[in-house]
Amino acid sequence: MTTVRKAVIAAAGLGTRMFPITKVVEKAMLPIGRRPTIDYLVRECAAAGVEEIAIVVRKGSTQIQRYYGDDSDLRALLTRRGWAEKARGLDEISSVPSITFVEQSLEDSYGTALPVLLAKDFVAGDSFFFLSSDDLLVDEPGLSTLAELAREAAGGYALVGQPVAEVALERYGRLRTAETDGRLLLRDLVEKDSGFVDGGQALINISRYAFPAEFVSVLASVAEHEESGEYRLTDGLLSVLRSQPVAVSVSSGSYYDLGSERGLAEAAQRIVGDEQFGAAHPV
């Protein structure tokens with residue numbers, strides 16, 4: 001069994017789709033029940049066996065750091081007030097993997113490749129997961145899509161494909177795949193503006209990847225996209241695809257787009273509703 005011990009989570013975005021609230025609350029700190037959205041991704045990683053996480057945050061931001069930071073003063077206040085039992089909810093925050101924060105300046109180059117490049121020292125020589133804080137995946141109890149992704153990658157390259165029967169196709173990048181020797185492999189990444197659907201059902205890209213350490217060097221050679229000016233992680237992955245297999249792990253979990261009001265509301269309804277009825281999810 002292959003276990004990936006490190007993960008990089010991109011969380012530096014401005015959250016423009018959620019303005020005006022994201023003027024004062026960082027996008028990854030928007031709440032789902034009692035926890036911020038970033039915490040569900042952290043716990044998703046933990047459920048897959050990840051021991052170290054780098055969260056790439058916007059330069060100058062502090063909210064995520066404060067959430068996972070020292071709370072001794074708050075605990076001391078609760079104790080003085082005779083409310084020590086109320087601190088039990090804080091214990092949940094400490095039961096997460098080791099977290100490193102990496103700053104990203106939005107004044108410089110931008111794009112999905114940048115968080116990985118900035119986390120180069122953290123990655124060092126290890127395989128790692130890469131996730132975007134815009135995307136939430138809720139697995140069924142006892143299952144871990146990321147753990148399955150690590151097995152599919154087997155030390156190489158893999159990404160998650162989320163099956164959708166009906167979708168606004170212009171909103172998502174999609175995967176063109178083919179089965180080879182019983183293994184589902186990536187053949188192409190189809191951009192958001194294409195009308196391609198495979199057999200009436202699409203596998204969309206929900207920003208769940210497993211990469212070997214060498215992918216950082218691959219991204220370092222990626223050129224700026226001519227039209228958007230971005231440095232795109234998917235361009236690096238397509239360059240890998242010319243010489244190496246990239247496995248696709250099909251998710252059985254439920255996907256939510258946390259960059260939209262509807263996605264955030266649907267995620268809250270699912271997670272809070274499950275908690276009320278006693279369902280236990282890894283996130």
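Everything numeric here is computed off the predicted structure, so don't read it as measured data.
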Donor-acceptor check, side chain of [X] to backbone of [Y], threshold 3.5 angstrom: yes or no?
X    : Y    : value
E148 : S144 : no
E224 : Y231 : no
D257 : G259 : yes
T177 : L184 : no
S260 : G263 : yes
R43  : V96  : no
K27  : A11  : no
S132 : A10  : no
R183 : E152 : yes
R208 : D135 : yes

Measure the spacing between [atom1] of [X] and [atom2] of [Y] and express it to the nearest 0.5 Å.
X    : Y    : atom1 : atom2 : result
R232 : L219 : CZ    : CG    : 12.5 Å
L159 : F130 : CG    : CZ    : 12.5 Å
D139 : S252 : CG    : OG    : 6.0 Å
L237 : R242 : CG    : CZ    : 11.0 Å

When clusters are formed by joining ILVMFWY residues with side-chain heavy atoms under 4.5 Å apart, either directly or through shared neighbours, do [X] and [Y] land in the same one?
X    : Y    : result
V138 : Y255 : yes
L185 : V240 : no
I271 : V42  : yes
V102 : Y110 : no
L90  : Y68  : yes

message = Would you say S251 and Q162 are linked by a side-chain donor-acceptor pair, where the criterion is simply a distance under 3.5 Å?
response = yes
Can you see which heavy atom on [X] is nearest to which on [Y], and at what distance?
X    : Y    : answer
L149 : A210 : CD2-N, 3.7 Å
L146 : A48  : CB-CB, 3.6 Å
V50  : R5   : CG1-O, 3.6 Å
I99  : F101 : CG2-CZ, 3.7 Å

request  = List for me each residue that meets side chain to side chain contact (heavy atoms under 4.5 Å, CB included) alongside K59, sequence neighbours excluded, and say none if there are none.
outcome  = E103, S105
message = Around atom CD of E214, are there more than 12 heavy atoms from other residues, nucleotides or ligands closer than 6.0 Å?
response = yes
message = Does E107 have more than 12 heavy atoms from other residues, nucleotides or ligands lying within 6.0 Å of its CD?
response = no
task = Flag the pair Y157 / F215 as yes when their ring centroid distance falls below 6.0 Å, and as no otherwise.
result = yes
query = Think K6 forms a cation-pi with F129, using NZ or CZ under 6.0 Å from the six-ring centre and within 45 degrees of its axis?
reply = no
message = Could you walk me through whether D71 and R66 satisfy the salt bridge (charged side-chain N to carboxylate O under 4.0 Å, His left out) test, starting with their C-alpha distance in whole Å, then the side-chain angles of each, then the deciding distance to 0.1 Å, before giving a yes or no?
response = CA-CA 9 Å; D71 55 21; R66 288 174 60 195; over 6 Å; no
message = E140 vs R270, test: salt bridge (charged side-chain N to carboxylate O under 4.0 Å, His left out). Steps then yes/no.
response = CA-CA 12 Å; E140 293 301 320; R270 165 69 185 275; 3.1 Å; yes
ask   = Under the salt bridge (charged side-chain N to carboxylate O under 4.0 Å, His left out) criterion, do E92 and R35 qualify, and how do the steps go?
value = CA-CA 10 Å; E92 299 175 18; R35 298 177 187 167; 3.1 Å; yes
